[in-house]
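Since this is a predicted model, take the numbers as computed values, not measurements. Every chain is numbered from 1, with letters handed out A, B, ... down the list of sequences.
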Amino acid sequence: MSVAGGEGRGKDGFASALLDWYDDHARILPWRVPPGSDERPDPYRVWLSEVMLQQTTVATVRPRFERFLERWPTVSDLAAAPQEDVLSEWAGLGYYARARNLHACAKVVAEQGWPQTEEGLRALPGLGTYTAAAVAAIALAERAVVIDGNVERVVARIFAIERPVRQAGAEVRAGAAALTPAARPGDYAQAMMDLGAGVCRPKRPDCLLCPVRPFCDAAARGLTEELPVRVPKKPRPVRSGVVYVGVRPDGAVLCERRAENGLYGGMLGLPSSDWKEGGADAGAPVASDWVNVGEVEHGLTHFILKLTVQTARLGDAPSGTFFTDDLSGLPTVFRRCVALASVHAAANDAP
DNA sequence: TATTCGTGGTA
DNA sequence: TTACCAAGAAT
């Protein structure tokens, strides 16, 4: 990269300054080894953490990572588990294709061992450009160019990329590659994460504490708050449907296993109608003794779900369904439906 | 390239 | 309250 005209220095020394900062300010996280450590972290732990962290906050992942690892300490343990158990353990984390791919990946790795290159990792299910690079850098000490949302934001600011980052992928990659050092690739990648999370934040970046401010074109131009440029998202449509909470006398709830792909694919769910846009049909109850107990509104990435919840006391389960008293394996939206029905039942039971 | 995949926290 | 968004992948 050339020295930006009239904007101070080039980027030589960026990685060194960032790593010096990381040595003193690295977050302590359960899947990490301390900065500068000679030991390489367990690829299994690195991979699991990276998959869990996809579009998911550190605060959410931390306890779930610990619990998951306690249940399946090695990749072979995970590979040997039934898929339903893995999906159940993932419940509440969202993006459930991650759990299906995680299990598929574990089976491959248990059989063949971990690939020793970024390219090899990229061929595994659930490892895209980012995750393959991150695991290669952190677990294999390979000089991989790691680009996640943090790196994208930092690079957009360091080079003052004013085009929408969505369309400036090549420019972001070139910038990230130019900054990435050959030494300490794992520490460098994680340092970029920590910088993005704690200093070079999306809003109100803390430039006064930034170890790489001398290299930052956006700071030099007063553009940090404006970058990166993102295209505004379209408004989310509403999908409506009916969910049925069938309760047995002992309290167990009627469930069914959902289709392998699509929304909540492979997960445990409650019986329900289709969820359609515009179809505000309150949906006639499947039987006369199903009573309406209210509505659950649940926001997803690309639409908003408005679910009418109906409940009834049942004696036996229709084919394809079964009762369970353990709701921990249900995605959040279904747990919310059960919770609403429970409130209704409690109100009715109290004479 | 654009869409489909969840959820919870924050301003 | 809405809007944003957090260590993205698959198609």
Expressed in whole Å, how much space separates the P atoms belonging to B/dG6 and C/dT11?
14 Å

Return the polar atom pairs (N/O with N/O) between nucleotides 8-11 of chain C and the protein under 3.5 Å, or none.
unit_1: C/dG8; atom_1: OP1; unit_2: A/G149; atom_2: N; d: 3.3
unit_1: C/dG8; atom_1: OP2; unit_2: A/Q55; atom_2: N; d: 2.9
unit_1: C/dG8; atom_1: OP2; unit_2: A/Q55; atom_2: NE2; d: 3.1
unit_1: C/dG8; atom_1: O5'; unit_2: A/Q55; atom_2: NE2; d: 3.4
unit_1: C/dA9; atom_1: OP1; unit_2: A/G128; atom_2: N; d: 3.0
unit_1: C/dA9; atom_1: OP1; unit_2: A/T131; atom_2: N; d: 2.9
unit_1: C/dA9; atom_1: OP1; unit_2: A/T131; atom_2: OG1; d: 2.6
unit_1: C/dA9; atom_1: OP2; unit_2: A/Y130; atom_2: N; d: 3.3
unit_1: C/dA10; atom_1: OP1; unit_2: A/G126; atom_2: N; d: 2.5

What distance, rounded to whole Å, do you find between the two P atoms, one in C/dA7 and one in B/dT3?
23 Å

What pairs of nitrogen or oxygen atoms, one from the protein and one from nucleotides 8-11 of chain B, lie under 3.5 Å apart?
none

First of A/L330 and A/Q167 reached from the 5' end of DNA chain B, by closest nucleotide:
A/Q167

Taking the P atom in each of B/dC5 and C/dA6, what is the distance between them to the nearest angstrom?
22 Å

Determine the Euclidean distance between corresponding C1' atoms of C/dA10 and B/dT1; express it in Å to zero decimal places.
14 Å

Sequence-distant partners of A/R122, side-chain hydrogen bond (donor to acceptor under 3.5 Å, both in side chains), two or more places apart
none

In whole angstroms, how far is the P atom of C/dA7 from the CG atom of A/D187?
18 Å

Identify whether any heavy atom of A/R32 sits under 4.0 Å from a base atom; if not, whether one sits that close to sugar-phosphate; answer base, sugar-phosphate or nothing.
base

Which part of the nucleic acid, if any, lies within reach of A/R27 when heavy atoms closer than 4.0 Å are counted: base, sugar-phosphate only, or nothing?
base

Atom CZ of A/R153 to atom P of C/dC5: distance rounded to whole Å?
9 Å

Could you check how far CD of A/E297 sits from P of B/dG6, rounded to whole Å?
18 Å

